[in-house]
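No hydrogens, no waters, no symmetry mates; every other heavy atom, side chains included, goes into these values. When a ligand or atom number is given, it counts from 1 through the structure's own listing order.
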Amino acid sequence: MTTVYLNGQFMPASEAKISPMDRGFLFGDGIYEVIPSYHGRFVGFKPHIARMQDGLSQLSIDPALHLADWQSICQRLLSDNRNTNGDNQAVYIQVSRGTDSKRNHAFPANIKATVFAYAFPIAPEPIADKSKATTFNVVTGQDLRWQRCHIKSTSLLGNVLHYQQGYASGAQEILLFDKDANLTEGAAVNVFVIKNGVIATPPLTNKLLPGITRLLLLDILRKHSSITVEERDISEQEVFAADEIWLTSSSKEIAPVLKVNEHTVGNGEVGDVWLAAQKLFSQHKYDELV
Ligand code: PDD
């Protein structure tokens, strides 16, 4: 049976109840995180919690929980659910502004944040082997989301509609471009483009989520390789001229893209730079960021 955490207590999932007047339900007024773990070890735990706390403070939501509290909640979810979920689990955390007696857009005074977390099984950790990589075909589209994409908000309808747009045309993700035809990100991933051995990814602005896999990968590449890494604007033409394209997220780590619309990326195979990057990522992903 699945054990979940709700507002200070661990309980069977079937007993977890949240009011329909919760602002997370009515307005999508909340922040979430997804933190992967393999064999009981989280990847990027501290930066995930730091990003969540940053999002919460931007929304003036204070669940009154600190890093050590989150550590014990998440570790307990892993151990309580290991029999059901197996060795590889992610923890989903959602903090909403809380439940009010009426529906009013203004932030209510004196309500308590709703804190929910549960663990779910994920695929085994990706390995640096070209023949075992999970590859993606993507389509492209204009980014129609709001101007606060750096906040990991539970208001995900913009992302859901873009994801569905890709899915409906037979792709597994969508690459989004702003009104100047510069790359932002995917519906649920950050994007990297490789040309002549140089790795580039869009800079952190309000147009994209500051992904933790992106953060770890940039840090690892800069510390442990001599590959040039650039954070800069990337045009649509550059995407189509790339030798390799990667998608990054907590569950995928670094995933090669082989097709964009009808266009084949590079030589149509998983690339050498991907192999080098995934190898380094696998080696160093548990290192602490300094
Ligand atoms: N998605 N960009 C968007 C819009 C995302 O939703 C995500 C993650 C990422 C990658 O971030 P990270 O490396 O921190 O996982 C980028 C999560 C996993 C989700 O919504 O399920």
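Under the 3.5 Å distance criterion, the side-chain polar atoms of S96 are left unmatched by any main-chain donor or acceptor of D29. Using a distance-only test at 3.5 Å, with no hydrogens or angles considered, a donor-acceptor pair links the side chain of S155 to the main chain of G28. Put simply, the side chain of T213 never gets that close to the backbone of E253: no donor and acceptor are under 3.5 Å apart. Listed for the R23 side chain is a donor-acceptor partner under 3.5 Å among the backbone atoms of N104.
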Audit row: N206, H150, side chain to side chain donor-acceptor pair (under 3.5 Å) steps and yes/no: CA-CA 5 Å; N206 61 353; H150 59 297; 5.5 Å; no

Chi angles and distances behind the side chain to side chain donor-acceptor pair (under 3.5 Å) call for S57, Q53: CA-CA 6 Å; S57 79; Q53 285 169 330; over 6 Å; no

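The N/O atoms of R145, backbone and side chain alike, include none that comes under 3.5 Å of an N/O atom in ligand 1. Residue T213 has at least one nitrogen or oxygen atom sitting less than 3.5 Å from a nitrogen or oxygen atom of ligand 1, judged on distance alone. Considering backbone and side-chain N/O of H48, none are found under 3.5 Å from N/O of ligand 1. For a threshold of 3.5 Å applied to N or O pairs, the pair formed by N159 and ligand 1 contains no separation below that value. Looking at I212 next to ligand 1, an N or O pair under 3.5 Å apart turns up. Between Y32 and ligand 1, at least one pair of N/O atoms sits closer than 3.5 Å.
Of the protein's heavy atoms, V34 CG2, 3.9 Å lies nearest to atom 21 (O) of ligand 1. Looking only at heavy atoms of the protein, atom 15 (O) of ligand 1 is closest to S250 OG, 2.7 Å. Here the heavy atom of the protein found nearest to atom 6 (O) of ligand 1 is A188 CA, 3.5 Å. Annotation: atom 2 (N) of ligand 1 to nearest protein heavy atom, E185 OE1, 2.7 Å. In terms of protein heavy-atom proximity, atom 11 (O) of ligand 1 is nearest to G211 CA, 3.5 Å. For atom 17 (C) of ligand 1, the closest non-hydrogen atom of the protein is K152 NZ, 3.5 Å.
Taking the ring axis of Y286 as reference, the NZ or CZ atom of R41 stays within 45° of it and closer than 6.0 Å to the ring centre.
Of the heavy atoms in A187, only backbone atoms (N, CA, C, O) come closer than 4.0 Å to ligand 1. With a 4.0 Å heavy-atom cut-off, ligand 1 is reached by no atom of L156.
A donor and an acceptor atom, one from each side chain of S169 and Q165, are nowhere located under 3.5 Å apart.
The closest approach between any non-hydrogen atom of Y92 and ligand 1 is not below 4.0 Å. Residue contact check for ligand 1: C149 places no non-hydrogen atom closer than 4.0 Å to it.
Within 6.0 Å of CZ in F25 there are 12 or fewer heavy atoms belonging to other residues, nucleotides or ligands. For K130, the NZ atom sits in a packed shell: over 12 heavy atoms of surrounding residues, nucleotides or ligands are nearer than 6.0 Å.
Close approach to T248 involves these atoms of ligand 1, each under 4.0 Å from a residue heavy atom: 10 (C).
For the atom pair T201 OG1 and E230 CD, the distance stands at 11.0 Å (nearest 0.5 Å).
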